[in-house]
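Quantities reported herein were computed from a predicted structural model and do not represent experimental measurements. Scope of the values below: all heavy atoms of this structure, side chains included, with no hydrogens, waters or symmetry mates. First listed ligand is number 1; within each ligand, the first listed atom is number 1.
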Amino acid sequence: MPDKKKFYQMDLNERLQVLREVSTLNEEELATFNQQGGLSAEQADLMIENVVGVYGLPLGIAQHFVINGRAVLVPMAVEEPSVVAAASYMAKLVQAGGGFTAKAKAQEMIGQLQVLNVKDIPAAQKALLSAKEEIMVLAAEADPMLVSLGGGPKDMEIRIIKDSLLGSFMVLHLIIDVRDAMGANAVNTTLERVSPLVEHITGGRVLLRIISNLADRRLAKAACTIPVETLAFEQYSGEDVRDRIIEAWAFAAADPYRAATHNKGIMNGVDAVVIASGNDWRAVEAGAHAYAARSGHYTSLSTWSVDEKGNLHGELEMPMAVGIVGGATRVHPTARAVLKLMGVQKASDLAEIIVSVGLAQNLGALRALATEGIQRGHMALHARQVAVAAGAPPEKVAALAEQLVKEGNIRMERAIAILNEWSEQ
Ligand code: NAD
């Protein structure tokens, strides 16, 4: 009997058939994956301004993810070749060590009020602290829904920014538990509600009332341990691969030029799931890089080490402001189907999946960079894009890509020339 086809060897319809069999998605939900990116121009017209259409991105499924003991199919929206393949492959290696453990901490966002023109900052600070309860009560009125779900305003902090171009000024932080929302609208509405009271108490002028994307009270952390023997391939022993990965990570830990690229690799995975789930990837990007620079020295978001058994251990902790209600998450039909496919019940479930994918992606990049280099795998996939761009019909794309790789000449002119040779045969 021939071997069962692997997911990556299947055609589009066969892959959808797998999803039909293994998930609870109905036909309408499955259809959101292959029709106009799941979003009609009419729906898009209700989402943003001046709409002229929709913009498609490939949606792939990363396989082999086991997160907190649960197998998850992870949809990833990304235009870059290799990302989905690398995530799946690394998730398979991690499975050998029991999968990912992940934990999203409190779903708390920070809202900022910039208070200017305060005559006596220490006195205003004292007055605000004594009026904390009044401020919190007013803040809670802004979003009764959030409060009824156990969320809403939780705390208040006052910061003094010294030595700014404006001299010293006050910033009031409202800490708001946003539950299953990303939270920007909820936070901003609350800030606007309390701002007149804050002006009254301080005698100052509130200028900005806006969420902070440095969501360092909403961290998500993933960890994985890969048995050292699993890392061996070709001429590389498991110990060799492990040590090379740690050496490569140490470069990113020490050098911002490397750390930026290292973290970009993490974001390859993170953003793809953030986008697929209809979340605000700029918010997650901003939070990630600000968090990476929190010590004043921009560094790696992940850490890699050897555990006591000699296995490779990786951890990734980063802010993860993602929701499963609000924003586009409920409006975009594909995002809804994506959340259902992942079996996500709470925003924290989604955050735990995303940070695990980020860690897998980081491992994939480090492993490739520290051994054979990324170009070998990447060029094969790149060749496919060149073949498509050269106008190869779908049935000839694979053969043309293979030929380009064989010749070591993955260029558009050569692809067109080969196509012409083939058509003359
Ligand atoms: P939202 O306001 O659309 O929805 C959140 C609301 O849903 C809550 O306020 C609550 O009333 C309600 N809700 C119902 N069930 C809930 C549950 N289980 N948990 C939590 N809330 C529940 O969305 P949002 O998340 O407040 O805002 C997200 C949007 O804000 C995104 O589109 C983002 O792009 C945008 N945005 C971002 C920024 C930024 O990141 N700097 C700034 C402005 C706007």
Q: Report the nearest protein non-hydrogen atom to atom 19 (N) of ligand 1: residue, atom name, distance rounded to 0.1 Å.
A: D180 N, 2.9 Å

Q: Should you measure from each heavy atom of L146, which atoms of ligand 1 turn up under 4.0 Å away?
A: 20 (C), 21 (N)

Q: Report yes if some N/O of I210 lies less than 3.5 Å from some N/O of ligand 1; otherwise report no.
A: no

Q: Any idea which atoms of ligand 1 are less than 4.0 Å away from a heavy-atom of G327?
A: 3 (O), 23 (O), 32 (O)

Q: Would you mind listing which atoms of ligand 1 come within a distance below 4.0 Å of any non-hydrogen atom of A181?
A: 5 (C), 19 (N), 20 (C), 21 (N), 25 (O)

Q: For atom 15 (N) of ligand 1, which protein heavy atom lies nearest, and how many Å away is it?
A: L149 CD1, 3.6 Å

Q: Output, in order, the C-alpha distance, side-chain angles, deciding distance and verdict of side-chain contact (heavy atoms from CB on, under 4.5 Å) for L73 and S23.
A: CA-CA 9 Å; L73 289 173; S23 76; 5.6 Å; no

Q: Under 4.0 Å from a heavy atom of A283: give me the atoms of ligand 1 that qualify, with their elements.
A: 40 (O)

Q: With a distance cut-off below 6.0 Å to the six-membered ring centre and an angular limit of 45° from the axis, does R367 pair with F233 as a cation-pi contact?
A: yes

Q: Is there a polar contact, in the sense of an N or O pair closer than 3.5 Å, between A186 and ligand 1?
A: yes

Q: Taking A347's backbone N and O only, do any of them form a donor-acceptor pair with D180's side chain (distance below 3.5 Å, no angle check)?
A: yes

Q: Could you check atom 20 (C) of ligand 1 against the protein and tell me its nearest heavy-atom contact, residue, atom and distance included?
A: V178 O, 3.2 Å

Q: Just going by heavy-atom distances, which of G326, G183, G323 is nearest to atom 25 (O) of ligand 1?
A: G183

Q: For L316 and V355, which heavy atoms make the closest approach, and how far apart are they?
A: CD2-O, 3.4 Å

Q: Have a look at I176, I211, V325 and point out the one with the heavy atom closest to atom 22 (C) of ligand 1.
A: V325

Q: Going by an N to O cut-off under 4.0 Å, is there a salt bridge joining K105 and E317?
A: yes

Q: Using heavy-atom distances only, which candidate in G151, G150, G278, A184 approaches atom 42 (C) of ligand 1 most closely?
A: A184

Q: Check each of T189, T329, N213, V284 against atom 40 (O) of ligand 1 and report the one with the nearest heavy atom.
A: N213

Q: Hey, are E29 and R336 close enough for a salt bridge, meaning a charged N less than 4.0 Å from a carboxylate O?
A: no

Q: Does either side chain, that of N362 or that of W249, offer a donor lying less than 3.5 Å from an acceptor on the other one?
A: no

Q: Within the 3.5 Å criterion, strictly below it, is a donor on R179 or Q107 matched to an acceptor on the partner's side chain?
A: no

Q: What residue and atom, counting heavy atoms only, is the protein's closest point to atom 2 (O) of ligand 1, and at what distance?
A: N185 CB, 3.0 Å

Q: Please list, in number order, the atoms of ligand 1 under 4.0 Å from a heavy atom of M145.
A: 10 (C), 11 (O), 12 (C), 13 (N), 14 (C)

Q: Counting distance only, does the side-chain N/O of D349 pair as donor-acceptor with the main-chain N or O of K346 below 3.5 Å?
A: yes

Q: Tell me the protein heavy atom at minimum distance from atom 43 (C) of ligand 1, and give that distance in Å.
A: N188 ND2, 3.7 Å

Q: Please compare D143, V187, D280 and report which has the shortest non-hydrogen distance to atom 33 (C) of ligand 1.
A: D280

Q: Could you check whether any side-chain N or O of S356 sits under 3.5 Å from a backbone N or O of E352, counting only pairs where one atom can act as donor and the other as acceptor?
A: yes

Q: Quick check on atom 10 (C) of ligand 1 - does any protein heavy atom sit closer than 4.0 Å to it?
A: yes

Q: For the backbone of A131 and the side chain of E133, can you confirm whether one donor and one acceptor N or O come within less than 3.5 Å of each other?
A: no

